[in-house]
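Lettering of chains follows the sequences in order, A, B, ..., and the numbering in each one begins at 1.
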There are 2 protein chains.
Amino acid sequence: MAGRPVDHRRRLELLDAVVDYAVENGFSELSWRPVAAALDVSTNTLVHHFGSKEHLLVAILGRLRERILAATAELLGAQHDLAAAARAAWEQTSQPARAAEFRLFFAVYGRALQAPEQFADFLDRVVADWMAALRAAQGPDVAPAVADREATLVIATLRGLLLDLLTTGDRARVEGAADRFLATLARPED
Amino acid sequence: MAGRPVDHRRRLELLDAVVDYAVENGFSELSWRPVAAALDVSTNTLVHHFGSKEHLLVAILGRLRERILAATAELLGAQHDLAAAARAAWEQTSQPARAAEFRLFFAVYGRALQAPEQFADFLDRVVADWMAALRAAQGPDVAPAVADREATLVIATLRGLLLDLLTTGDRARVEGAADRFLATLARPED
DNA sequence: CTATTCTTTAAACGTTCGTACCAGAAATTT
DNA sequence: AAATTTCTGGTACGAACGTTTAAAGAATAG
């Protein structure tokens, strides 16, 4: 038993660079050669580390989801209630600097919806991860059924608002709606 | 001045068939030849009517948006207030039979977000059309700023919930969140 | 040092892509 | 009937695609 060890760090380094590329240049027409050229490696370096195009796409979806979750998860954990967590999440995700990242997010999300078997892992986690975080933000005193309902509504509303913001760029209008939503959260009616 | 007239009906007939194809077979890898084979026409028939691949994609986005809007617009007009309109829209769009259509919707939406110049028309209308319908549903007595805010929130929330439903298929949970949202709409707090 | 495995690049393969060109059939006006 | 334009299908072309193969360099274990 000998030989050069597998370089997992190198794979992740390449993957992050590919995700960066997809953020900037789009996801729908991604192909080996332009990506490799942009990263200044040979196409076969990418093929070697990712195996096939299909595997690369799955890896991109996984890494992007991971990145987005990581950027907000710890922030959510520090909040004392759902309203605060939702506001923190909104303020984080609606930053102009992250717009391109979320445009890619919705692009890959839509693609995953049309190929659910190929991207099953993404679809399994893209809601569930946030559900877990937003359930936790409500503490142990909220009934599970209510916590689920509230978490679901927060995820849906924030994603829908983000979609609108990325579409229209009408920040004043979208922020107004976000404030309205976050205000109702702060004053639960039941 | 003579010659065979342009057959616009034929173009629309083909376009609808292409959209149907995209609903069933996905949008990301659409190409002339498989579509033409499925429609039992030559590839050149499609090229002749749509000009180029880019134009075809734009036409697909436009037609899909048009279809979805048409299926709901008149329904919304018949409602007497925003809560009723929102509920009608949700019941319409969350039908299992229309799931594939909305998976395509989110797929093309995501793609449009990463190529905003190419799909500017789609992006200009995909929010604005619904804004107009949901502003109208609130009647003339609601202040414009409030009507905008409420309409924005309804669009975002319903789209976010639909995204969740298509992702997880967890209808009970998503319906619960939808009911919660629609209930808050029925009892406006300010 | 040797053996082994991983990493990287270059070259080439067959396939599919979008598009252009051509010719015939169909539909309209004069 | 003649002229003109659209519609359709067959063929072909160059480009780009994903993938495979072969070979050289790098890093580990014995």
Strictly below 4.0 Å: does B:H48 bring a side-chain N or O up to OP1 or OP2 of C:dT19?
no

Looking only at atom types and distance, does a side-chain atom of A:Q79 sit under 3.5 Å from a main-chain N or O of A:L75, one as donor and one as acceptor?
yes

Using whole Å, report how far CG of B:L46 lies from C1' of C:dA20.
16 Å

Please list, chain by chain and in numerical order, all residues satisfying side chain to side chain contact (heavy atoms under 4.5 Å, CB included) with A:R125, sequence neighbours excluded.
A:R65, A:D121, A:D129

Should the heavy atoms of other residues, nucleotides or ligands under 6.0 Å from CD of A:E13 be counted, would the total exceed 12?
yes

Is any side-chain N or O of B:T45 closer than 4.0 Å to OP1 or OP2 of D:dG9?
yes

Rounded distance (Å) that lies between atom C1' of C:dT7 and atom CD of A:E13
13 Å

Distance, rounded to the nearest Å, where B:H49 contributes NE2 and D:dC7 contributes C1'
6 Å

So which protein N/O to nucleotides 12-17 of chain C N/O distances come out below 3.5 Å?
| residue | atom | partner | partner atom | Å |
| --- | --- | --- | --- | --- |
| C:dC17 | OP1 | B:S31 | OG | 2.7 |

Heavy atoms within less than 4.0 Å of DNA chain C: which residues of residues 18-25 of chain A have one? Give them sorted by number.
none

Okay, side chain of A:Q114, backbone of B:F27: is any donor-acceptor separation there less than 3.5 Å?
yes

Hey, does the side chain of B:R171 reach the backbone of B:S94 with a donor-acceptor pair shorter than 3.5 angstrom?
yes

Would you say D:dT8 has OP1 or OP2 under 4.0 Å from some side-chain N or O of B:S42?
no

Indicate yes or no for a side-chain donor-acceptor contact from A:K53 to the backbone of A:L30 under 3.5 Å, with no hydrogens or angles considered.
yes

D:dT8 phosphate, OP1 or OP2: any side-chain N/O from B:R10 under 4.0 angstrom?
yes

Whole-Å distance separating the CG atom of B:L14 from the P atom of D:dT8
7 Å

Does A:E29, at its CD atom, have more than 12 non-hydrogen atoms belonging to other residues, nucleotides or ligands within less than 6.0 Å?
no

Can you give the donor-acceptor pairs under 3.5 Å from side chains of residues 95-108 of chain A to other protein atoms, not counting sequence neighbours?
| residue | atom | partner | partner atom | Å |
| --- | --- | --- | --- | --- |
| A:R98 | NE | A:E101 | OE1 | 3.2 |
| A:R98 | NH2 | A:E101 | OE1 | 3.4 |

Can any side-chain N or O of B:E54 pair as donor or acceptor with the backbone N or O of B:Q118 at less than 3.5 Å?
no

Produce a footprint string for nucleotides 20-25 of chain D: one letter per nucleotide, 5' end first; B if the base is under 4.0 Å from any protein heavy atom, S if only the sugar-phosphate is, - if neither.
BB---B

Pairs involving residues 40-80 of chain B, ordered by first then second residue, that meet ring pair (Phe, Tyr, Trp, His ring centres under 6.0 Å) (sequence neighbours left out):
none

Do B:R173 and B:T168 get their side chains close enough for a donor-acceptor pair, meaning under 3.5 Å?
yes

Rounded to whole Å, how long is the line connecting atom CG of B:L39 with atom C1' of D:dC7?
16 Å

